[in-house]
Amino acid sequence: MTDNNIAFTQTKDHLDTFAPRLLDWFAINGRHDLPWQQHLTDTPNPYIVWLSEVMLQQTQVTTVLPYFARFMDSFPTVQDLATAEWNTVAEHWAGLGYYARARNLHKGAKQLVAVINETGDFPQTLAGWEAIAGVGPSTAGAIMAMGLHRYGVICDGNVKRVLTRWAAIEGDITKSATTKELWALAERLTPIENSGLFAQAMMDMGATLCTRRKPACPLCPLQNDCLAHAQNREEDYPVKAKKQPKPSKFSNALLIQNVDGEILWLQRPDSGIWGGLWSLPLEFIEKVSDNVKGKTTTKQTDILDEKPLEVASNEKVYEAEFTTAEQIINAWLNKNNLVATPINKTLLDDAPIKHSLTHFHWYLTPQSLILNNEQSQALTEALQAAEININWLNAADAQATLGLPRAMVKILE
DNA sequence: ATCCGGATAT
DNA sequence: ATATCCGGAT
């Protein structure tokens with residue numbers, strides 16, 4: 001990542017004294033009791049660092065803590081994780097979000113066990129770690145530095161916030177040119193010795209002092225030469241392009257029950273939303289604007305009636321709303337003239353569950369349908385014929401044994 | 001209601 | 001180079 005063409009905005013003296021100032025601060029004021037920290041041991045555990053770093057991607061320390069404890073309890077070694085069933089891993093991860101991380105973690109555990117069986121140890125190089133699923137440049141650097149006590153550089157969100165402020169870097173951090181500049185600066189500042197301590201100190205600084213809002217500058221070991229602080233513009237950094245407004249999508253969540261009160265669950269495809277986790281069957285609803293009174297209404301649409309090529313731009317989005325399993329269920333319900341109905345225990349229950357994702361809001365309306373024995377058997381067979389993973393479980397058992405995303409838990413509640 | 005975030009698929 | 005993925009914090 002070194003780029004000798006990048007000119008730093010800070011003086012050589014400031015660059016050279018950055019690490020010692022930060023390390024002195026960390027030694028006295030940093031957190032040293034996080035369960036995955038390995039800097040106080042002579043024999044760091046790379047499995048612990050790898051697992052925690054993957055969990056800490058996009059997720060805060062306080063959220064990760066209980067998940068990490070449960071993973072370490074159930075999967076104390078990488079071999080335990082590698083040999084676990086995916087459904088067990090999914091159930092442990094459920095609620096933590098970004099489920100591709102869990103799939104990569106499980107895949108990565110198997111890759112790591114293969115490396116260990118071949119070489120006798122965890123990967124020992126940056127490239128070796130980047131070859132593991134779910135491990136990118138920053139996570140690999142963190143593992144090298146903190147999990148192996150070798151040399152490694154990190155440049156995650158905390159580091160980017162600290163560095164854009166300290167060096168007054170005005171570039172949009174979502175652009176690759178700015179990413180390159182920040183990596184070069186991080187590398188320039190990271191001491192060859194103690195890169196692991198430096199990485200922990202940077203993350204701690206970003207998380208506890210150099211926070212996005214109201215940073216604690218009076219406590220900061222870098223405030224004397226922080227260029228953003230000198231301008232009183234700390235909160236102007238990091239610079240990031242504005243996000244686009246999110247569109248809304250609407251679905252029914254089908255609570256299809258058999259005569260025993262068990263609910264039909266589908267395992268979602270590995271890619272896409274909630275990949276590999278279990279969900280109620282969803283039924284897309286087209287939202288149509290009613291210009292007459294300026295209000296909007298929702299209208300049930302029948303997937304089988306759609307003509308694929310007629311409205312090209314809409315059609316692709318529309319098709320993508322359904323998994324194969326959901327298309328089978330939708331077609332089966334149509335064929336048998338079955339319609340799910342609102343639950344409506346009270347008027348207040350009418351409101352759909354709102355679930356916000358990166359690029360759209362999703363409104364999920366629970367709909368109930370009870371099948372007799374013959375019907376539930378027929379539907380089960382139709383899905384099994386297509387090799388769909390299904391489960392009939394009541395709400396409590398589903399929560400306890402399946403990996404359910406947060407939106408499903410909300411619906412059950 | 002808006003913002004935050006690392007790896008990967010495309 | 002850009003879009004995608006989740007739940008929590010503010």
Side-chain angles (χ1 to χ4, degrees), chain A residues 1 50-67 90 93-108 111 126 129-143 153-164 171-180 182-183 186 199 202-203 206-208 210-215 235-249 268-277 279 316-317 320-321 353-364 403-410:
Chain A
M1 282 291 177
W50 168 66
L51 173 62
S52 63
E53 282 299 319
V54 172
M55 288 184 158
L56 288 163
Q57 292 166 359
Q58 284 77 35
T59 311
Q60 296 203 333
V61 166
T62 53
T63 306
V64 165
L65 282 169
Y67 285 86
W93 194 278
L96 198 51
Y98 283 105
Y99 298 100
R101 291 184 296 167
R103 296 195 302 279
N104 285 331
L105 191 75
H106 195 212
K107 182 180 176 185
Q111 293 174 312
L126 193 70
W129 278 100
E130 285 196 64
I132 303 302
V135 177
S138 193
T139 302
I143 297 167
V153 179
I154 64 165
C155 193
D156 68 356
N158 284 321
V159 174
K160 286 174 181 170
R161 190 168 55 252
V162 172
L163 294 187
T164 53
D172 181 340
I173 61 163
T174 67
K175 299 297 179 188
S176 54
T178 312
T179 299
K180 200 172 169 183
L182 286 165
W183 269 99
M202 283 296 275
M203 294 190 292
T208 65
C210 200
T211 48
R212 188 170 68 86
R213 300 256 297 268
K214 300 184 197 297
E235 293 191 15
D236 290 348
Y237 302 90
V239 174
K240 197 183 294 189
K242 281 181 190 169
K243 304 212 162 158
Q244 294 180 357
K246 296 179 187 180
S248 295
K249 299 185 182 184
R268 298 188 60 85
D270 278 351
S271 61
I273 288 174
W274 304 331
L277 271 74
S279 164
K316 278 187 179 173
V317 174
E321 298 296 330
I353 308 284
K354 184 180 176 185
H355 188 69
S356 292
L357 290 88
T358 321
H359 49 300
F360 60 89
H361 299 290
W362 208 359
Y363 294 87
L364 296 164
L404 295 185
R406 191 65 92 207
M408 290 300 124
V409 176
K410 278 192 230 167

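The figures here come from the full heavy-atom set of this structure, side chains too, leaving out hydrogens, waters and symmetry mates. Keep in mind it's a predicted model, so treat the numbers as computed, not measured. Here is the naming used below: chain letters follow the sequence lines, and residue numbers restart at 1 for every chain.
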Next on the checklist: From the set C:dC5, B:dG5, C:dA9, return the single nucleotide nearest to any side-chain atom of A:I273.
Outcome noted: C:dC5
Next on the checklist: Please check: side-chain N/O of A:Y99 versus main-chain N/O of A:D270, any donor-acceptor pairing under 3.5 Å?
Outcome noted: no
Next on the checklist: Whole angstroms only, please: what is the CG-C1' distance between A:L277 and C:dG7?
Outcome noted: 13 Å
Checklist entry - Is there a side-chain polar atom (N or O) of A:T139 under 4.0 Å from OP1 or OP2 of B:dA7? => result yes
Checklist entry - Reckon A:R103 touches a base, only the sugar-phosphate, or nothing at all at heavy-atom distances under 4.0 Å? => result nothing
Checklist outcome for this item: Regarding the side chain of A:Y99, the nearest nucleotide among B:dG5, C:dA9, C:dG7 is C:dG7
Checklist entry - Rounded to the nearest 0.5 Å, what separation is found between the OG1 atom of A:T174 and the NZ atom of A:K240? => result 8.0 Å
Checklist entry - Nearest-Å distance, CH2 (A:W93) to P (C:dC5)? => result 17 Å
Checklist entry - Counting any heavy atom closer than 4.0 Å, what does A:V135 reach on the DNA or RNA strands: base, sugar-phosphate only, or nothing? => result sugar-phosphate
Next on the checklist: Nearest heavy atom decides the nucleotide; on that basis, is A:Q60 or A:A100 closer to the 5' end of DNA chain C?
Outcome noted: A:A100
Item to check | d(CD1, A:I132; P, B:dA7) in whole Å | outcome: 14 Å
Checklist entry - Closer than 4.0 Å, any side-chain N/O of A:Y98 to the OP1 or OP2 of C:dT4? => result no
Checklist entry - Any sub-3.5 Å donor-acceptor pair from A:S138's side-chain atoms to A:C155's backbone N or O? => result yes
Checklist entry - Okay, side chain of A:R268, backbone of A:I273: is any donor-acceptor separation there less than 3.5 Å? => result yes
Checklist outcome for this item: Comparing A:G95 with A:R213, nearest DNA chain C nucleotide closer to 5' gives the residue A:G95
Item to check | Donor-acceptor under 3.5 Å (A:R213 side chain, A:E235 main chain) | outcome: no
Item to check | Atom-pair distance (NZ on A:K240; C1' on B:dT2), nearest Å | outcome: 12 Å
Next on the checklist: In this structure, how many angstroms lie between the P atom of C:dG8 and the CG atom of A:L96, rounded?
Outcome noted: 9 Å
Checklist entry - Base, sugar-phosphate, or nothing for A:R101, non-hydrogen atoms under 4.0 angstrom? => result nothing
Next on the checklist: Under 4.0 Å from OP1 or OP2 of C:dT2: is there any side-chain N or O of A:K175 that close?
Outcome noted: yes
Checklist entry - Given atom CD of A:Q58 and atom P of B:dC3, what is their separation to the nearest angstrom? => result 18 Å
Next on the checklist: Using only atom types and a distance under 3.5 Å, with no angle test, would you say the side chain of A:Q57 pairs donor to acceptor with the backbone of A:G134?
Outcome noted: yes
Checklist entry - Side-chain N or O of A:R212 less than 4.0 angstrom from OP1 or OP2 on B:dC4? => result yes
Item to check | Residue whose closest nucleotide on DNA chain B lies nearer the 5' end, A:P238 versus A:G134 | outcome: A:P238
Item to check | Residue A:W274, side-chain heavy atoms: nucleotide from C:dG8, B:dG6, C:dG7 that is nearest | outcome: C:dG7
Next on the checklist: What is the separation between atom NZ on A:K160 and atom P on B:dC3, rounded to the nearest whole Å?
Outcome noted: 18 Å
Next on the checklist: Can you measure A:I143 atom CD1 to B:dA7 atom C1' for me and round it to whole angstrom units?
Outcome noted: 13 Å
Next on the checklist: Using the side-chain heavy atoms of A:S176, tell me which of these nucleotides is nearest: B:dA7, C:dT10, C:dA1.
Outcome noted: C:dA1
